[in-house]
Each structure stands twice: as C-alpha cells, then as structure tokens.
**Q** 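Take a look at this one; I'll ask things after.
What you see is a predicted model, and the numbers here were worked out from it, not measured in a lab.
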Amino acid sequence: MKNQISVKLLSFLFITLCFLLTENKAFSQTNLAKGKSTKQSSTAYGGASSRAVDGNTNGVYGNGSVTHTDDRNDRNQWWEVDLGQSYNIGSIKIHNRTDCCAERLKDIYILVSESPIQSNNWQDQPLNAYYGYNETYKSGPIVHTKNAKGRYIRIFRQAGEALSLAEVEVFEGKATPEFSGWYRLKTQFRGDGECLEGNQRTSKVHGGAAFMDKCQNVSGQLWKIEDAGNGYYRLKTQFRGEGESLEGNNGKSPAFMDKQQNVSGQLWKIEDAGNGWYRLKTMFRGEGECLEGNQASSEYMGGAAFMDKCQNVSGQLWKFVKEEPTRGTGTNTKVETGDRVDTRTPIKRPVERPKSPPSTTNASQNISAFVWYDQPTKPSFAPSKSYQYNSVGGAITGTRLGQGHYKLTFPNMAKHYDGAFHTTAYSGNHSAQVERWAASGSNLDVYVRVFDANGAPTDGRFSAMYQKETSPNSNSAYLWASAEGTPKHKYQYNGKGGISMKKTGTGVYQVTFEGMQSDKSIEGNGGNVIATPYGSTPRRIEVASWGNNTINIRTYDFNGQPADTKFVVSYNSTWNNQAAYVWGNEATKTTAYNASKMYQMNNASTTENTITRMGVGVYKITLPGIKNSNSSNAIAVAYGGQKAYASVQRWGANPGVQGTDVYVNTYSADGKPVDSRFSLFYSTNDAVK
C-alpha cells in the first residue's frame with residue numbers, strides 16, 4: 001500500500017512539475033521584442049536602436065550590438081520597441097553595456113502603453129502609462145516583473161550622459177483579469193454575509209468612507225470594474241454613478257468615493273491571490289499596501305475600509321461575485337454589524353476616527369515670509385515693504401556682516417524656527433545659500449552667504465523665502481537634510497506621510513516624501529520642487545528629478561564636481577496666497593510654450609503660464625493674473641543633472657496679461673550662460689480670490 005501511495009505521489013509531482021515548466025515556458029521563454037521595430041531619440045557613433053533587439057546580449061560596444069544616443073544634443077533621451085500588438089507584459093530584462101560606462105544606465109523610466117507614446121518627455125505621459133523607475137545599475141541585467149498590458153515599451157533616460165543598451169528582452173505574463181457587468185465585493189474575513197459599500201463623502205455614516213455592511217439590495221454595493229489600461233482598473237458603484245471612483249488613501253485615512261480624476265489613488269491593480277481570491281492595490285500606495293475590509297463595529301477607522309501593509313490577513317482577500325443590478329431603495333445610511341467575530345490576530349493600532357480626505361483645491365495652511373535683499377553693500381538695510389512679507393507680523397531687516405555675508409531678522413518668528421528657508425541669487429552671475437538660522441529672543445535670524453562664479457565671497461543681491469506648515473494634512477513637504485544622508489528630525493514636514501532619505505553617492509541624495517503619489521504627486525498634481533545648499537562652504541545644487549514619491553538631488557562644488565553638503569528641499573502643490581510655479585522643461589525651444597500642465601500652477605488665473613527663451617540661458621516666465629504690485633518673491637533652481645545653477649534676473653508687471661513676468665538665468669559649472677531646465681516658485685501676499 002505504501003509503495004502504491006509513493007508511486008501515485010511521484011506521478012502527481014511529476015505531472016505538476018511538467019505543468020509548471022510548460023506554464024513557465026509559455027509566459028517567460030519567448031522574447032517578444034526580438035527583431036521587432038525600434039526607434040530612439042537620437043543616434044551617435046553608429047549605435048542604432050535595432051541593436052537592442054538583435055538577440056545578442058554582448059555588452060562590448062566594439063562588437064556592434066550596443067545602442068548609443070547622442071548626449072551632446074539630445075536632452076530627452078529614450079529608446080522604444082513596438083511589439084506589433086498588445087501583450088500582457090510579465091517582465092522586461094535590460095542588458096547594460098559592459099566594456100565601460102555601465103554607470104550611465106541610471107534614472108531609468110520604463111513606460112508600457114497600448115497606444116503610441118507621443119511625448120518625448122516621460123513626465124508628460126498619461127498617469128496609467130507609468131511602469132517603473134530605477135536609479136542606477138552598473139552590471140548585470142535589469143529585470144522588471146510588474147504586470148502591465150501594452151504594445152509600446154519606451155525606456156527614458158533623464159538628461160545627462162548617453163543611453164546605451166546591449167539588449168532589451170520582453171516576456172509575456174499572465175493575463176490580467178477581465179471583468180464585465182456588476183459585482184459584489186466580499187472579503188474572506190467578513191464572509192458571504194457582508195459586502196463592500198461605496199459611500200457619499202458627505203454622509204455621516206463612517207465619515208463618508210467605504211465600509212463593509214450586510215449584503216442587501218442597495219446600489220452602493222453594486223460595483224463596476226472599469227479597465228483603465230496597463231493593468232489598472234477604476235471601481236465605481238451604481239449608487240454614485242459614473243462620476244465617482246473608489247480612492248485608496250494613506251494608512252491614516254479610510255478609502256472613499258470621490259470625483260473621478262487623474263490621481264493614482266483611483267487606479268487599482270487586481271492581483272490574483274489564488275483560489276478565486278484577489279488583493280486590491282492602488283498605484284498611489286504601490287505594491288506594499290492592500291485594501292482591507294473592516295468590521296462595521298470596529299473602533300479602528302470607525303469601521304471603514306482602509307489601505308494597510310499587505311499581509312496574511314483574511315480582510316485583504318477579496319472575492320468578486322458577479323450579479324446583475326436591480327435597483328433597491330437603500331439609502332446607504334443603515335449600518336448592521338451582524339454577528340461575525342473577528343478571528344484575526346489583533347493588530348495594535350491607535351483608535352482614530354475617519355478624517356475627510358483633502359480637497360484638491362485646498363491650499364496649505366502655512367506660516368510664510370519672504371524678502372528681496374537689493375542693497376547688499378549697506379551695513380544695515382530695511383528692505384522695501386513692496387518686496388517683503390511676514391505672515392506673523394513685523395518688518396524684516398538685514399545686516400551686512402562682511403563681504404557676501406548677511407543676517408536677516410524675522411520678527412516674532414522664533415517659535416516657528418523649524419520650517420524651511422530657501423534663497424536664490426538675484427540679478428547677477430553669483431550664487432546664494434543659507435548658512436544657518438537660529439532663534440534670537442522672539443525673532444529668528446537667518447544667515448545667508450553669497451559667492452561669485454568662482455566661489456569667492458561677493459556682495460550680491462538675493463531673494464529669500466521661509467515656509468512653516470501648521471496644517472496636519474497639507475499638500476506640502478520639506479526637509480533640512482544632512483550631508484550624510486539623514487533627515488534633521490525637527491526640521492521636516494510632510495502633510496501626506498513619512499519622510500526618508502538616503503545618500504547614494506558623492507553629492508547624490510534621494511529624498512522620499514511618502515504620499516506624493518506614484519508618479520504624479522499629491523492630488524494628481526505634479527507639484528513643484530525647490531532646493532537650496534546649506535552651510536558656509538560654497539556649494540551648488542540641482543533638482544535632478546522628482547516623482548514616484550521621490551526627489552533626487554545633486555550637489556556640487558564650484559568646479560562642477562560632485563560634493564556632499566547639507567541642503568533644504570521643499571515640495572508644494574498648492575499655496576495660501578496668490579502664487580504660481582512652473583517647471584521649465586524645454587531648455588532650447590525657440591518659441592514660447594505653455595509650461596507642462598502637470599508641473600505648473602497659477603491660483604489667480606485659469607490661463608496657463610508660458611515660458612519664452614530670450615537667449616542662451618535666459619528665460620521669461622509669464623504668470624497671468626499674478627500681481628507684483630504688492631509683496632512678491634521668486635525662487636529658482638536648476639533642474640536635470642547637467643551641473644547647472646540658476647538665478648532670478650528680475651520680475652515685473654505684464655499689463656497685457658494683468659500679471660507678472662519673471663526672468664530666470666541659468667549658468668554652466670564654469671559660470672557661463674547655458675540652456676538648462678529649471679524650477680521656479682513665485683509667491684505674493686495677495687489673497688486668492
């Protein structure tokens with residue numbers, strides 16, 4: 001009998017192994033990209049795009065199988081393959097160049113799209129086209145295993161050195177689930193007796209959050225699973241109709257129904273967990289968090305459904321039960337807890353009632369101040385009231401401590417010392433940085449250093465700005481960072497989650513503001529980033545990129561060499577008073593253009609901000625409706641990793657648009673004008689109308 005059992009067991013294992021090997025071959029052995037049509041942004045040294053799909057993974061450039069873009073003239077470098085038809089992409093393997101220059105393959109953005117990719121800039125892509133981001137790979141193949149559906153695969157490289165690829169292999173994955181009609185959503189935890197119910201944000205039940213309730217004939221429990229492309233879906237109820245979608249929130253707030261919009265929290269991945277169960281993840285919270293069905297009587301989240309760390313709990317296992325809709329008379333106000341018992345291992349969490357999710361139009365609640373310092377040679381200075389502002393009251397004054405060394409005094413600001421200061425040189429080829437700040441009685445003293453193009457102290461004009469957030473849930477974040485790659489604890493804020501930081505090389509820093517959303521940032525707005533060096537040693541700074549919760553910072557000495565330094569970095573997507581920001585992403589474009597929609601804001605006008613290149617390294621930014629008659633301020637920083645630096649040349653009224661023109665200069669590492677991308681933040685003390 002034992003032998004018969006052993007033979008049967010071995011036969012079963014053999015059949016199972018054969019099945020697994022067959023399935024693996026079907027989904028991973030055929031390279032879909034081999035021999036397919038390719039193209040790239042530019043070509044240099046004979047490195048044709050087709051070399052990356054010739055079936056040869058040899059990474060030695062001289063052997064003729066490595067691509068090469070032209071980094072001399074190409075600022076938006078990319079490579080693309082057309083698979084000929086859409087596939088469910090299981091993995092992408094990228095083989096790097098090996099004879100040299102392997103470190104160039106960094107800051108890579110991979111997009112998978114079912115439709116042709118139109119823009120040459122990765123940040124202009126549709127939200128659901130985003131696939132993955134990686135920082136640096138020096139050797140070995142790069143393998144991506146996220147599922148996505150598409151025909152076109154494009155690899156973007158940020159501005160900098162050339163993009164070279166030895167081979168790109170694409171393998172098919174499992175088909176994404178297909179849904180049609182209407183479904184009830186049940187968890188293994190609450191069983192067949194309870195269903196997920198979409199709520200109305202203004203409802204008093206569960207604070208407007210989605211919740212588990214007794215399965216009954218109400219339209220809020222009937223869900224439509226709408227394909228959003230590239231492996232993501234939107235979840236809608238019959239109750240709230242086509243206009244609203246379920247949105248996954250951060251771990252401190254529940255999931256809720258909201259107006260359908262281009263935010264990653266409304267893009268859901270339905271992941272097969274086996275045996276007819278699925279996990280639900282959003283693009284916003286990423287792979288690490290799953291939607292969890294709660295118990296209506298639970299104190300945690302007031303019984304609402306919420307996002308939590310993906311773990312082995314039955315509340316995160318969802319079943320989609322197909323059902324034809326029959327409109328009921330439920331009002332979504334009745335809560336019945338049933339008699340089921342929570343059999344999970346208890347998780348210690350703070351008792352917290354649901355909070356209303358933030359509005360996309362609400363500005364940050366901040367304490368702010370700014371000043372234009374335009375008399376750098378005077379021993380003491382009272383800046384013009386038209387170009388200074390202090391939200392807590394009192395006039396800002398300045399003192400010259402020595403050549404290129406200044407102290408700004410902000411009255412009544414001592415108790416708000418743990419904010420963020422930024423400064424930018426004004427009208428000249430010099431640089432400004434924050435040396436330090438400290439409380440002095442009831443005031444706050446901020447020390448600023450100014451250096452010429454060679455790094456020597458010089459008397460020069462500058463613009464300075466201060467920000468301190470007081471709202472617990474604003475659309476802003478900032479950090480004073482150490483040179484070693486660790487945050488300064490008291491001098492940080494993030495209205496959407498936690499903050500982390502790491503140093504990945506000399507002068508190379510990665511700051512993560514949790515909750516900036518997968519790649520389009522807070523509330524579906526790409527927002528704005530500014531950064532300033534900190535300390536008395538001459539340093540320059542660039543924002544290399546931002547997105548996917550992360551801001552990449554590069555710092556240099558005045559010879560353009562990577563150098564470690566402390567710095568201050570801030571992210572904002574809204575502002576209390578009239579303000580505007582732009583990302584100047586077309587450094588060499590000779591005609592005026594509208595700033596990228598995802599990375600511009602103007603809260604005084606519906607007309608878009610425009611950018612005009614006036615000459616080499618000179619740009620005019622037109623901000624319709626933003627006044628400069630009262631107090632105003634501008635901060636600029638270079639963007640893109642080409643060792644450039646930026647200054648504000650001037651700003652003034654533009655009667656034609658009833659707004660303001662701001663002029664920005666950009667310079668190369670050796671102090672010469674150069675075309676460079678940049679980020680600009682402009683603020684006033686005028687109230688938003």
Side-chain angles (χ1 to χ4, degrees), residues 363-371 373 388-392 396 408-410 412-424 432-439 443-449 462-483 485-501 509-516 521-522 527-535 539 541-543 546 550-553 555 565-577 579 581 633-637 679-683:
S364 306
Q365 298 300 313
N366 57 20
I367 293 168
S368 60
F370 53 72
V371 61
Y373 204 101
Q388 69 160 277
Y389 171 67
N390 185 353
S391 65
V392 299
I396 302 167
L408 300 172
T409 299
F410 292 80
N412 309 312
M413 196 71 79
K415 64 181 179 179
H416 304 299
Y417 69 95
D418 52 344
F421 280 95
H422 292 280
T423 184
T424 297
Q433 66 188 52
V434 175
E435 180 185 32
R436 62 187 175 92
W437 65 85
N443 302 329
L444 192 61
D445 289 337
V446 182
Y447 297 83
V448 174
R449 293 276 187 174
F462 60 89
S463 179
M465 166 187 159
Y466 170 76
Q467 176 185 5
K468 164 71 182 292
E469 289 291 344
T470 60
S471 168
N473 201 29
S474 79
N475 296 342
S476 297
Y478 52 75
L479 171 69
W480 174 38
S482 75
T486 54
K488 294 293 186 179
H489 179 69
K490 290 184 178 180
Y491 302 87
Q492 60 177 285
Y493 170 86
N494 183 5
K496 298 297 179 180
I499 298 174
S500 61
M501 176 182 170
Y509 301 93
Q510 195 174 81
V511 177
T512 298
F513 290 132
E514 181 183 339
M516 273 174 54
S521 276
I522 295 172
N528 179 263
V529 174
I530 52 177
T532 301
Y534 178 97
R539 288 290 184 262
I541 195 166
E542 277 186 311
V543 176
W546 74 86
T550 299
I551 298 170
N552 292 296
I553 298 292
T555 56
T565 189
K566 298 176 184 178
F567 61 90
V568 184
V569 58
S570 295
Y571 168 89
N572 288 286
S573 68
T574 55
W575 199 253
N576 280 353
N577 298 330
Y581 57 71
N633 182 262
I635 299 290
V637 62
S679 180
L680 170 73
F681 189 91
Y682 181 86
S683 58

**Q** Mark yes or no for whether S463, through its side chain, and I635, through its backbone, hold a donor-acceptor pair below 3.5 Å.
**A**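 No: the side chain of S463 does not pair with the backbone of I635.
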**Q** Do you know the tightest heavy-atom contact between P533 and R539?
**A**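 Looks like CG-O, 3.5 Å.
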**Q** In this structure, which one of K468, K415, Q467 forms a side-chain contact (heavy atoms from CB on, under 4.5 Å) with I367?
**A**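 Testing I367 for a side-chain contact (heavy atoms from CB on, under 4.5 Å) against K468, K415, Q467 leaves exactly one candidate, K468.
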**Q** What are the two closest non-hydrogen atoms of A477 and N494, and how far apart are they?
**A**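 Taking every non-hydrogen atom into account, CB-OD1, 3.8 Å.
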**Q** Hey, do the aromatic rings of Y571 and W546 have their centres closer than 6.0 Å?
**A**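 Centroid distance Y571-W546: not below 6.0 Å, so no.
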**Q** Using the test side-chain hydrogen bond (donor to acceptor under 3.5 Å, both in side chains), find all partners of S679 that sit at least two apart in sequence or belong to another chain.
**A**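 side-chain hydrogen bond (donor to acceptor under 3.5 Å, both in side chains) check on S679 returns N528.
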**Q** Heavy atoms only: give me the nearest T555-I541 pair and the separation to one decimal.
**A**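 Closest heavy-atom pair between T555 and I541: CG2-CG1, 3.8 Å.
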**Q** Mind checking what makes ring pair (Phe, Tyr, Trp, His ring centres under 6.0 Å) contact with Y509, not counting sequence neighbours?
**A**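 By the ring pair (Phe, Tyr, Trp, His ring centres under 6.0 Å) rule, Y509 matches F567.
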**Q** State whether the side chain of Y581 and the backbone N or O of S573 hold a donor-acceptor pair below 3.5 Å, judged by distance alone.
**A**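 Yes.
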**Q** So how far is it from S368 OG to W575 CH2, rounded to the nearest 0.5 Å?
**A**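 Reported to 0.5 Å precision, the distance equals 5.5 Å.
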**Q** Please check this pair: side chain of Y478 against backbone of E469, looking for a donor-acceptor N/O pair closer than 3.5 Å.
**A**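 Here the side-chain-to-backbone pair exists.
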**Q** Are any of the side-chain heavy atoms of V446 and F410 separated by less than 4.5 Å?
**A**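 V446 reaches F410 side chain to side chain.
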